[in-house]
Amino acid sequence: MKTAPALYNPTVLDHFLNPRNVGDLPHPDALGQAGEPACGDTMRLTLRIQRGKIIDARFRVFGCAAAIASSSMATQLLKGKTLAQARRFTNRQIVTALGGLPPAKIQCSVLAAQALQAALQDYDTRHPATRTPRRSKS
Amino acid sequence: MPQVYLDHQSATPVLPEVLEAMRPWFTDFFGNPSSLHRHGLLARDAIAKAREQIAAFINAESPEEIIFTSDGTESANLAVKGTAAARQRDGNHIIITATEHPSIIASVENLQAGGITSSRVPVDTTGIVDPEEIIAATTGNTILIAVHHANHEIGAIQPLAQIGQIARQRAITFFVDAEASAGWLPIDVRAWGAGLVSFSPHRFYGPKGVGILYKNCRTRLSPILHGGDQENGLRPGVENVPAIVGAGLAAEIAAREMERRHAHCSKLQSRLWDALRAKIPDLKLNGPAPGSMRHPANLNISAKDTEGEAQLLLCDMRGIAVASGSSCVTRSKKISHVLAAIGLDPALARANIIMSLGQATTEEDIDYVIQTYPEIISKLRSLSL
């Protein structure tokens, strides 16, 4: 058989076939869910946060290959990020790290970014104190 | 790795004897059928023979009732728009079912700017339309009823003879989309009372690039393309002679082989469905149960908590080619209008996959799918919420 061109690049396929960090963290410090189960993809993200830093992340997703790969890549990228960095995190970073997604599938990376923001909101609700100190470095 | 092709409703391989019959019409006999010299007359004769083969295949009264187009979409556009144009003095209302092919739905929508109104008749949870609903939708202005034979996604077979009678009693043109069924189920245009019937040979081991529209000799139709007088002026443009020759032979072979193909596929269809259902919890069959109300080669299933495209890709990685009605890289997240029309839960609609069998599908192929597909579903479910 002729070698067929692939729908997704090797990095996306790798994260789709071997997704990293699948599951739910027990007693997470933050939990965020995004998507609309009634029509599209849904993702749940759980985070372990210590001293203002994300030290672990797990996900579950109902979605297409791009959604699975984006979620997997997002959890990889988030580990080690400070809360401040995580707040600035966008889907663009996921797409770049994946080496690109087909135009119609960019939306799938937005899902992961939205789940993260929901998780950070959840964290803020649980830890109202950590929200304010954004001291300027001097 | 085994290669199991289960997407015969998208395309079938051209039979070797069909390809052989087509070949000289590319090279040795390349004349334009409109030319008056021997090269042209030979090509014209070849088209006439194919017309006879196709007419016999669908029990048409005369070969003159066969129009060659370029594909199913063109046939649907010609049937819908050509009827609206030819019958504009009779009325402006078109009836279709909620589960027609996009080429028919879009053709009807395209006519709305020109004053055509339409009704979309609902189907039941298995995808079958109630003829009473068609009657209820008719108005004094109805000029066309368009209904498919077997559904392109869920394989539901429609009560065409009854609908044909409804149309005839009211002098409404009856157009049947037989794209999904031709070659697998008998087509009898006279028993249906159809004025127009479309089908394409690439669904039954013929070539792509040619479509067929049957037009009853008493049915009025206007062309949608304008130019020369090919196909009685209803489809101007140089004929695709090799593909038409291939279409004729593929139809002749299909008529001969239909019973065997039907029996072979329906046996494997039942075997596949029974085994998958036993092995996979929460697996739903979309459309009628295998049997007389369902296309013998079509299986449309939804495995809860898994997404169609992800399933499709994992199947492809294991050598199994399937389709999904709901997802596509280029179309993004669209839920199949057919699955929406049968009232399927949107999450289950996203979880949808279509397997369509063919004459070369073997029991070993099916056993490989029975072994592999449940693993794919387990894998995706382990990721899901």
Side-chain angles (χ1 to χ4, degrees), chain A residues 1-10 12-24 31-46 58-72 75 100-112 115 118, chain B residues 1-5 7 11 13 282 302-337 339-340 343-353 372 375-385:
Chain A
M1 224 182 142
K2 258 188 174 164
T3 313
L7 284 175
Y8 295 108
N9 73 45
V12 179
L13 283 180
D14 177 37
H15 278 266
F16 166 54
L17 293 172
N18 312 296
R20 280 64 148 180
N21 311 310
V22 175
D24 298 291
L31 185 152
Q33 194 156 319
E36 182 44 74
C39 66
D41 300 345
T42 312
M43 179 192 179
R44 182 165 67 224
L45 179 69
T46 48
R58 294 273 192 282
F59 80 94
R60 287 195 174 279
V61 70
F62 168 83
C64 64
I68 293 169
S70 294
S71 306
S72 166
T75 55
L101 282 173
K105 294 292 185 179
I106 299 291
Q107 191 55 35
C108 306
S109 64
V110 174
L111 185 75
Chain B
M1 182 171 65
Q3 293 293 327
V4 180
Y5 180 82
D7 195 13
D282 290 322
S302 289
K304 194 171 170 288
D305 297 333
T306 65
E307 194 269 350
E309 188 215 66
Q311 289 185 52
L312 188 156
L313 266 147
L314 287 177
C315 283
D316 192 36
M317 307 237 162
R318 306 287 296 271
I320 303 170
V322 299
S324 173
S326 288
S327 60
C328 170
V329 167
T330 51
R331 266 190 306 155
S332 184
K333 292 175 201 99
K334 247 169 96 178
I335 284 176
S336 145
H337 71 281
L339 298 180
L344 192 66
D345 173 76
L348 278 179
R350 290 280 322 275
N352 154 263
I353 215 90
T372 310
E375 294 170 13
I376 289 169
I377 296 306
S378 297
K379 177 174 170 130
L380 289 173
R381 281 182 175 170
S382 74
L383 306 179
S384 199
L385 282 80

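Each chain gets a letter, A, B and so on, in the order the sequences are listed, and its residues count up from 1. When reading the values below, keep in mind they use all heavy atoms of this one structure, side chains included, and skip hydrogens, waters and symmetry mates.
- For chain B, no part of Leu101(A) is nearby; none of its heavy atoms comes within less than 4.5 Å.
- What you find for Ala310(B) and Ala65(A) is that their closest heavy atoms are CB-N, 4.1 Å.
- In this structure, CG in Leu312(B) is found 8.0 Å from CG in Leu7(A), a value given to the nearest 0.5 Å.
- The line from SG of Cys108(A) to CD of Glu307(B) is 8.0 Å long, rounded to the nearest 0.5 Å.
- Note that the CG atom of Leu380(B) and the CZ atom of Phe62(A) stand 9.5 Å from one another [nearest 0.5 Å].
- Shown here for Ser382(B) and Val22(A), the closest heavy-atom pair between the two residues is O-CG1, 3.8 Å.
- In this structure, the separation between CG on Leu385(B) and CG on Asp24(A) is 7.5 Å, given to the nearest 0.5 Å.
- Nearest approach of Glu309(B) to Ala66(A), heavy atoms of both residues: OE1-N, 4.4 Å.
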